[in-house]
Amino acid sequence: VDRGIELTVLIDVLVGPEVGDRPDLVVSDIMLVPESNQLRIEVFNRASFLENEALTIRAERLDGELLDTITWPNVSIGSGDHHLLGTTLVLDSSPIYDLRLIIDPENTIEETDEGELNNVYETPVLMRVEFEELAAYPCESFLSGHSEVWFRLWAGYGPSRGEVNWAGGGRRYPRSDILRLDTYEAIYVDDPDAWAHWYPSEAEPGRFIVEFEMPADENLYIMASGYEDDFFSDDFLGYIFADYGPDVNYGHRPDQRYYGQSDNQEECDEGAPIGWEYFGFEAWWRITRVH
């Protein structure tokens with residue numbers, strides 16, 4: 001009558017044949033103790049009871065550098081329960097980046113078949129992508145007397161080329177009237193600096209820099225496309241699509257500078273000088289793991 005109803009829902013994990021007779025341990029959360037920045041690790045048991053076992057966790061950087069190996073004796077975790085483990089390992093950043101935790105690295109605890117496959121926990125990596133230089137090779141400036149060149153730039157991540165999460169970019173760079181070729185002669189000069197070069201850090205204060213978190217085991221993707229606007233028509237100069245998997249250790253190269261050239265050759269609508277073979281653009285960018 002008075003609608004004063006209180007509903008409580010309890011969700012538990014079944015123990016028995018449905019989950020087998022072995023535990024399944026996963027790292028469910030990590031955190032830092034205020035003030036001391038000591039690492040705490042929360043372990044969740046997805047299957048049967050773990051009783052009085054010595055539990056070891058190895059902590060390392062994503063490049064394999066060992067930080068610590070910690071063993072807690074006589075650990076018990078019920079089915080469907082969480083257990084918070086304290087450590088003396090001190091980390092200097094919150095949120096936590098560049099960290100891999102491996103439960104039971106020597107496989108001394110017998111887990112379920114699936115449990116043996118999910119003992120690795122990795123934090124996201126914080127990536128920064130910065131386009132430093134772009135050089136375009138215009139198509140029809142020799143006919144119109146001038147051309148304006150511009151680009152669209154993207155950076156993102158994902159498990160495959162068909163599943164990319166674009167974290168930033170897509171806008172027009174640079175803004176209008178920055179890259180213009182106003183002479184017929186410029187196209188005939190065999191000097192890269194005579195072409196339409198753009199140095200974002202110098203030519204435009206709002207240079208292209210994007211930072212984003214991404215899973216450590218996914219690929220990093222870079223994409224750029226170039227365009228030329230002139231009196232006769234607007235032309236597509238091509239595109240660059242580059243991908244870097246975790247196996248190439250992206251962001252950790254000594255020079256950290258990467259290069260790409262548009263891989264499709266576009267035809268000029270109004271023709272081209274004799275001997276003119278390629279129209280497109282080049283790009284140089286940096287990839288940095290911020291942490």
Side-chain angles (χ1 to χ4, degrees), residues 8-16 18-128 157 159 211-218 246-247 249-252 288-291:
T8 301
V9 179
L10 300 178
I11 302 176
D12 202 354
V13 178
L14 294 176
V15 177
E18 293 82 357
V19 294
D21 56 359
R22 292 172 291 172
D24 177 6
L25 306 176
V26 296
V27 172
S28 53
D29 197 8
I30 57 175
M31 61 206 76
L32 298 181
V33 178
E35 306 298 335
S36 69
N37 273 3
Q38 289 178 312
L39 179 67
R40 284 181 175 175
I41 305 170
E42 184 182 77
V43 177
F44 176 59
N45 183 8
R46 307 197 323 172
S48 292
F49 189 63
L50 176 75
E51 185 175 6
N52 294 328
E53 291 275 5
L55 177 59
T56 298
I57 295 180
R58 184 170 73 226
E60 59 185 36
R61 295 297 184 191
L62 294 176
D63 62 4
E65 176 193 352
L66 178 64
L67 297 177
D68 202 357
T69 300
I70 313 139
T71 299
W72 295 265
N74 303 319
V75 174
S76 297
I77 309 177
S79 177
D81 287 344
H82 296 79
H83 192 79
L84 191 61
L85 302 170
T87 78
T88 57
L89 180 60
V90 177
L91 300 177
D92 57 3
S93 66
S94 181
I96 301 170
Y97 295 112
D98 194 23
L99 180 65
R100 178 186 294 119
L101 300 175
I102 304 172
I103 296 177
D104 190 29
E106 302 299 327
N107 290 321
T108 57
I109 299 175
E110 187 178 2
E111 297 186 68
T112 63
D113 292 340
E114 181 182 351
E116 299 291 357
L117 303 176
N118 59 17
N119 285 341
V120 178
Y121 173 92
E122 293 181 336
T123 59
V125 294
L126 181 61
M127 304 301 298
R128 175 188 296 142
Y157 62 94
E211 287 187 2
F212 52 92
E213 288 186 359
M214 60 173 285
D217 60 350
E218 292 193 357
D247 56 311
N249 205 21
Y250 49 70
H252 280 307
T288 307
R289 294 193 182 194
V290 176
H291 52 266

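Owing to the predicted nature of the structure, the values given are computational and were not obtained by experimental measurement.
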Please list, one pair per line, the donor and acceptor atoms closer than 3.5 Å that link side chains of residues 69-76 to other protein atoms, with sequence neighbours excluded.
| from | atom 1 | to | atom 2 | distance (Å) |
| --- | --- | --- | --- | --- |
| Thr71 | OG1 | Thr56 | OG1 | 2.7 |
| Trp72 | NE1 | Gly86 | O | 3.0 |
| Ser76 | OG | Asn52 | N | 2.9 |
| Ser76 | OG | Asn52 | OD1 | 3.3 |

Under 3.5 Å, which donor-acceptor pairs do the side chains of residues 23-36 form with other protein atoms, sequence neighbours left out?
| from | atom 1 | to | atom 2 | distance (Å) |
| --- | --- | --- | --- | --- |
| Asp24 | OD1 | Asn118 | ND2 | 3.3 |
| Asp24 | OD2 | Arg46 | NE | 3.0 |
| Asp24 | OD2 | Arg46 | NH2 | 3.3 |
| Ser28 | OG | Glu42 | O | 3.3 |
| Ser28 | OG | Glu42 | OE1 | 2.8 |
| Ser36 | OG | Gln38 | N | 3.4 |

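Contact between Leu39 and Thr87 at its shortest, heavy atoms only, is O-OG1, 2.6 Å. For the residue pair Ser48 and Asp21, the shortest heavy atom distance occurs at OG-CA, 3.6 Å. Pairing each heavy atom of Phe49 with each of Ile77, the nearest pair is CD1-O, 3.6 Å. The shortest non-hydrogen separation linking Tyr97 to Arg61 is O-NH1, 3.7 Å. Scanning all heavy atoms of the two residues, the minimum distance from Ala216 to Thr123 falls at CB-O, 3.9 Å.
In terms of modelled atom types and a separation under 3.5 Å, the side chain of Asn119 and the main chain of Ile102 share no donor-acceptor contact. Judged purely by atom type and a 3.5 angstrom limit, Asp113 has no side-chain atom pairing as donor or acceptor with the backbone of Glu116.
By the 4.0 Å N-to-carboxylate-O rule, Glu111 lies too far from Arg22 to be salt-bridged with it.
The salt bridge (Lys or Arg N to Asp or Glu O under 4.0 Å) check on Glu53 picks up nothing, with sequence neighbours excluded.
The number of heavy-atom neighbours closer than 6.0 Å to CD of Glu110, taken from other residues, nucleotides and ligands shown, is 12 or below.
Here the CD1 atom belonging to Ile103 is positioned 9.0 Å from the CG atom belonging to Leu85, to the nearest 0.5 angstrom.
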